[in-house]
Amino acid sequence: MATDHLSEVFSALADPTRRAILARLSQGSLTVGELAEPFAISAPAVTKHLKVLERAGLIKQNRQKQMRPRELVAEPMKEALDWIEQYRQFWEGSFDRLDAYLTELQAKGAQQ
């Protein structure tokens, strides 16, 4: 079964190590060795995380001479945010309706 792109993005973002990698890449391009430095995991484990992020389209690899630094690609996160935004609007509408109902109940209670 094929996975849709949004599912790949959310799956990639579900892991705290991958989120930390993205946070580091938000400051600029880094090599695999530079990305691996703060983590208590092996370089092959970091490479596996990078492959997941690349499949989701969240990072890309550049070729600069012998080095292959990774850089952040923010567009897939925008797609995820747009999807989440629909539900934020739903909850805000729900809270607005609840607030109006509570205000109505308080007004009725004050009249009695």
Side-chain angles (χ1 to χ4, degrees):
M1 181 169 98
T3 304
D4 67 287
H5 186 250
L6 192 57
S7 294
E8 286 183 344
V9 171
F10 281 121
S11 179
L13 294 173
D15 185 273
T17 300
R18 290 192 286 268
R19 291 192 306 271
I21 289 170
L22 292 174
R24 295 198 66 223
L25 288 174
S26 71
Q27 304 300 308
S29 298
L30 296 169
T31 65
V32 175
E34 292 168 331
L35 285 168
E37 285 175 8
F39 301 106
I41 58 176
S42 66
V46 170
T47 300
K48 287 181 182 181
H49 284 297
L50 294 176
K51 286 180 182 180
V52 171
L53 292 168
E54 286 173 357
R55 271 195 309 273
L58 292 165
I59 65 171
K60 67 180 181 179
Q61 181 181 57
N62 287 325
R63 294 178 189 240
Q64 297 175 353
K65 300 180 185 177
Q66 296 294 327
M67 303 178 78
R68 293 189 171 122
R70 289 350 191 252
E71 70 179 49
L72 180 67
V73 178
E75 183 59 32
M77 284 190 271
K78 169 81 169 79
E79 294 168 14
L81 181 61
D82 290 345
W83 185 84
I84 291 169
E85 177 65 20
Q86 300 170 50
Y87 296 95
R88 184 186 66 79
Q89 292 173 0
F90 167 78
W91 282 109
E92 283 183 358
S94 295
F95 290 137
D96 289 345
R97 287 188 298 277
L98 178 59
D99 185 47
Y101 178 69
L102 292 174
T103 301
E104 181 182 323
L105 287 177
Q106 287 175 342
K108 285 180 182 177
Q111 291 175 354
Q112 295 177 347

Asker: What is the distance from atom CG of L25 to atom CG of L50, rounded to the nearest 0.5 Å?
Answerer: 7.5 Å
Asker: Give the minimum heavy-atom separation between V9 and A80, together with the two atoms involved.
Answerer: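 Where V9 meets A80 most closely, the heavy atoms are CG1-CB, 4.1 Å.
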Asker: Rounded at 0.5 Å granularity, tell me how far CZ in R18 sits from CD1 in I59.
Answerer: 10.5 Å
Asker: Just do the side chain to side chain contact (heavy atoms under 4.5 Å, CB included) check on D99 and F95 with the steps written out, would you?
Answerer: CA-CA 6 Å; D99 185 47; F95 290 137; over 6 Å; no
Asker: Do the side chains of V73 and L35 join up, straight or via other hydrophobic residues, at under 4.5 Å, putting them in one cluster?
Answerer: no
Asker: Locate the shortest heavy-atom distance separating T17 from D15; write the atom from each residue and the value.
Answerer: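 Distance-wise, the nearest heavy atoms are N-OD1, 2.8 Å.
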Asker: Looking only at heavy atoms, what is the nearest atom pair of E34 and S29, with distance?
Answerer: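 That closest heavy-atom pairing would be OE1-O, 4.5 Å.
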Asker: Indicate, with yes or no, if M77 and W83 share a hydrophobic cluster defined by side-chain heavy-atom contacts under 4.5 Å among Ile, Leu, Val, Met, Phe, Trp and Tyr.
Answerer: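 No, it is not one cluster - the side chains of W83 and M77 are not joined through contacts under 4.5 Å.
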Asker: Is R88 salt-bridged to E85, going by a charged N under 4.0 Å from an acidic O?
Answerer: yes
Asker: Looking only at atom types and distance, does a side-chain atom of R70 sit under 3.5 Å from a main-chain N or O of L30, one as donor and one as acceptor?
Answerer: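 A pair under 3.5 Å: no.
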Asker: How many angstroms lie between CG in L58 and CD1 in I21, if you round to the nearest 0.5 Å?
Answerer: 11.0 Å
Asker: Apply side chain to side chain contact (heavy atoms under 4.5 Å, CB included) to residues R97 and S94 and explain how you reach the verdict.
Answerer: CA-CA 5 Å; R97 287 188 298 277; S94 295; 3.1 Å; yes
Asker: Kindly give the heavy-atom pair with the smallest separation between V46 and A36, and that separation in Å.
Answerer: CG2-CB, 3.7 Å
Asker: Grouping I, L, V, M, F, W and Y whenever their side-chain heavy atoms are under 4.5 Å apart, do I41 and L22 come out in a common cluster?
Answerer: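 Same hydrophobic cluster.
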Asker: Please report the closest heavy-atom contact between H5 and P76, naming both atoms and the distance.
Answerer: CE1-CB, 3.9 Å
Asker: Test of understanding: clusters of I, L, V, M, F, W, Y form through side-chain heavy atoms closer than 4.5 Å, transitively. Do L13 and V52 belong to the same one?
Answerer: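 They do not share one cluster, since no chain of ILVMFWY contacts under 4.5 Å joins L13 to V52.
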Asker: Would you say V32 and R68 make side-chain contact, with heavy atoms under 4.5 Å?
Answerer: no
Asker: Mind checking the NZ-NZ spacing from K51 to K48? Nearest 0.5 Å is all I need.
Answerer: 8.5 Å
Asker: Atom CD in E104, atom NZ in K108: separation rounded to 0.5 Å?
Answerer: 4.5 Å
Asker: Hey, what do you get for CH2 (W91) to CG (L98), rounding to the nearest 0.5 Å?
Answerer: 10.5 Å
Asker: So, the side chain of S11 versus the backbone of E8: is there a donor-acceptor pair under 3.5 Å, distance only?
Answerer: no
